[in-house]
Amino acid sequence: MLDLRFIRENPDLVRQAIQWKREKADVDRLLELDGERRALVAEAERLKHERNVVSEEIARKKKQGLDPQGDILRMREVADRIKSLDARLQEIEAQMQEILTWIPNIPHPSVPIGKDERDNVEVRRWGEIPEMDFEPKPHWELAEKLGLVDFARASKISGSFFVSFRGMGARLERALINFMIDLHVRKHGYTEIWPPALVRRETMFGTGQLPKLEEDMYRVEQDDLFLIPTAEVPVTNLHRDEILDGADLPLKYVAYTPCFRREAGSYGRETRGLVRIHQFDKVELVKFVEPSTSYDELESLVRDAEEVLQLLRLPYRVVKLCTGELSFAAAMCYDLEVWAPGVKKYLEVSSCSNFEDFQARRANIRYRPRDGGKAQFVHTLNGSGLALPRTVIAILENYQTDEGSVVVPEVLRDYVGVDVLR
RNA sequence: GGAGGGCUAGCCUAAUCGGUAAGGCAGCGGUCUUGAAAACCGCGGGGCGAAAGCCCGUGGGGGUUCGAGUCCCUCGCCCUCCGCCA
């Protein structure tokens with residue numbers, strides 16, 4: 001959510017951001033309502049002042065044994081006026097709120113302007129694409145043959161685009177989760193969190209998933225709870241409606257959770273195997289930081305996520321998203337894309353974003369600066385570190401041998417228990 | 001699922017039959033000091049305003065009333081007990 005005052009002072013920039021992100025929000029209508037609201041507030045406040053003064057007068061008269069009946073009758077009318085003004089104000093504010101919640105965050109000035117992934121900017125590459133003297137197989141063939149994944153039975157019990165890991169496949173999944181969390185906790189100084197996977201509506205609103213993405217999420221109707229699409233949601237909302245101590249910042253959290261996405265309307269190509277599934281595992285990094293440090297913190301967040309790929313020795317590239325690819329709440333975002341030789345493309349395994357104070361304002365997360373002073377909104381950031389299924393894809397496809405076995409990356413061997421999946 | 005008790009500012013705690021939120025601690029600024037502590041003074045939730053000042057704010061929302069921390073309804077959360085349960 002943007003600050004209303006900021007919108008008032010920078011309407012053109014806000015309109016531009018709406019256009020860049022292909023959102024629909026009527027800024028002119030918002031400003032018009034804002035003007036109307038301010039006039040009504042002035043009138044209502046004048047009447048409330050009168051009511052306060054006379055009410056005290058009534059109390060005084062009663063104490064002195066005088067008859068306040070005339071004042072009471074007069075105030076009855078004032079009270080009616082106030083009530084109707086407040087009702088009108090409430091209506092206007094609800095309309096403003098509705099518009100406001102649909103206004104996206106403003107992209108950082110350094111974000112390349114563009115409309116789709118072709119306009120993203122590659123920042124750097126890491127690692128060598130492995131040379132194979134045989135035709136690399138796609139991961140679903142390898143996984144099926146090695147008995148790591150059971151697509152058919154998962155579909156039977158839950159429908160298409162669900163998977164069931166089995167045997168060493170399940171073991172690999174668990175190994176990756178532990179490896180990633182251990183890295184971020186022990187080496188990068190994150191605190192491990194295990195949050196709920198079902199959250200309230202307000203929680204989804206706090207990080208910006210609602211109202212925009214309601215159709216993309218699973219909802220438990222009976223209790224109006226949502227299955228989280230990412231750990232970002234519960235973990236960022238941990239500090240909702242709090243004032244953090246500036247001396248404690250930055251707060252750095254890492255959380256493993258399953259993630260649930262309906263992926264409504266995104267069926268099509270590139271959805272075979274493990275590329276896009278309704279339930280997947282992810283290790284997520286979340287930071288709460290002082291505003292002046294947030295872009296440095298974004299860089300270190302990206303490096304923390306990259307290190308997972310480097311230790312796994314998987315070739316990847318870092319891409320800076322253009323304005324049209326930025327999510328609703330993000331001001332800047334880097335994607336990490338790992339090379340998958342079987343499907344012959346780069347796959348997104350991490351999105352690392354700085355939301356500046358957009359989420360903090362929505363979720364009311366503030367901090368008290370070290371030198372005292374007023375509480376201010378923190379900046380929030382998050383990034384995958386990493387999403388599991390595509391990391392599994394990359395491991396299977398990059399580490400495959402000509403006989404169809406898969407070598408286990410060295411850093412995972414203690415976690416997996418074997419050197420080769422065969 | 002049922003019964004009861006609670007929720008006041010960063011934290012802690014008051015407010016008689018309904019009369020317009022009293023204090024304390026922490027924090028920040030100042031006086032004093034070589035520096036610090038102590039002591040004393042001030043600030044100390046949000047909005048509008050150049051300021052004076054005004055409005056709002058007792059978990060959220062609504063109602064009754066001239067006037068609500070206080071009465072009523074509703075939702076959330078915490079605690080105690082009963083029931084059920086991996």
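We name chains A, B, ... by the order of the sequence lines, and we start the count at 1 in each one.
- Between the side chains of A:Asp281 and A:Tyr256, at least one donor-acceptor pair of N or O atoms lies under 3.5 Å.
- Bounding nucleotides for the chain A contact on RNA chain B, 5' to 3', at a heavy-atom distance below 4.0 Å, are B:G10 to B:C77.
- Scanning for salt bridge (Lys or Arg N to Asp or Glu O under 4.0 Å) contacts around A:Glu337 gives A:Arg317, with sequence neighbours left out.
- Distance check on atom C1': B:A26 versus B:G44 gives 11 Å, rounded to whole Å.
- Contact of the A:Val319 side chain with the A:Tyr334 side chain is not registered, since no non-hydrogen atoms from C-beta on lie closer than 4.5 Å.
- Look at the P atom in both B:G4 and B:C75: the space between them is 15 Å, to the nearest Å.
- Nucleic acid contact class of A:Arg200 (heavy atoms, under 4.0 Å, all strands): sugar-phosphate only.
- Both the sub-6.0 Å distance and the 45° axial angle are not jointly satisfied by A:Arg200 relative to the ring of A:Phe226.
- For the C1' atoms, the distance from B:G83 to B:C72 is 30 Å, rounded to whole Å.
- A residue-by-residue look at A:Met75 and A:Arg46 shows that A:Arg46 has its nearest nucleotide of RNA chain B further toward the 5' end.
- Between the side chains of A:Tyr253 and A:Glu192, not a single donor N or O lies within less than 3.5 Å of an accepting N or O.
- Using a 4.0 Å heavy-atom criterion, one finds that A:Ile243 contacts the sugar-phosphate atoms exclusively.
- For A:Lys252 and A:Tyr190, the positive end sits near the middle of the six-membered ring, less than 6.0 Å away and at most 45° from its axis.
- No contact: A:Lys63 has no heavy atom under 4.0 Å from any strand.
- Using a 4.5 Å heavy-atom threshold, the side chains of A:Leu274 and A:Phe151 count as touching.
- For the pair A:Ala44 and A:Arg37, nearest-nucleotide mapping onto RNA chain B gives the more 5' position to A:Arg37.
- A:Ser350 places a side-chain N or O within 3.5 Å of a backbone atom of A:Ser384 that can act as its donor or acceptor partner.
- Nucleotides B:C32 and B:A15, compared at atom C1', are 38 Å apart to the nearest Å.
- For B:A14 and B:G30, the C1' atoms lie 30 Å apart once the distance is rounded to whole Å.
- Comparing the same atom, C1', in B:G5 and in B:U65 gives a spacing of 28 Å after rounding to whole Å.
- For RNA chain B, each stem of at least three Watson-Crick or G-U pairs (distances under 3.5 Å) is given as range with range: B:1-7 with B:76-82, B:10-12 with B:23-25, B:27-31 with B:39-43, B:45-48 with B:53-56, B:59-63 with B:71-75.
- Within the 4.0 angstrom heavy-atom criterion, no nucleotide atom of any strand lies near A:Lys61.
- Residues A:Tyr295 and A:His379 keep their aromatic ring centres 6.0 Å or farther apart.
- Rounded to a whole angstrom, the distance from the P atom of B:U64 to that of B:G24 is 39 Å.
- B:A3 sits 25 Å from B:U8 when the P atoms are compared, rounded to a whole Å.
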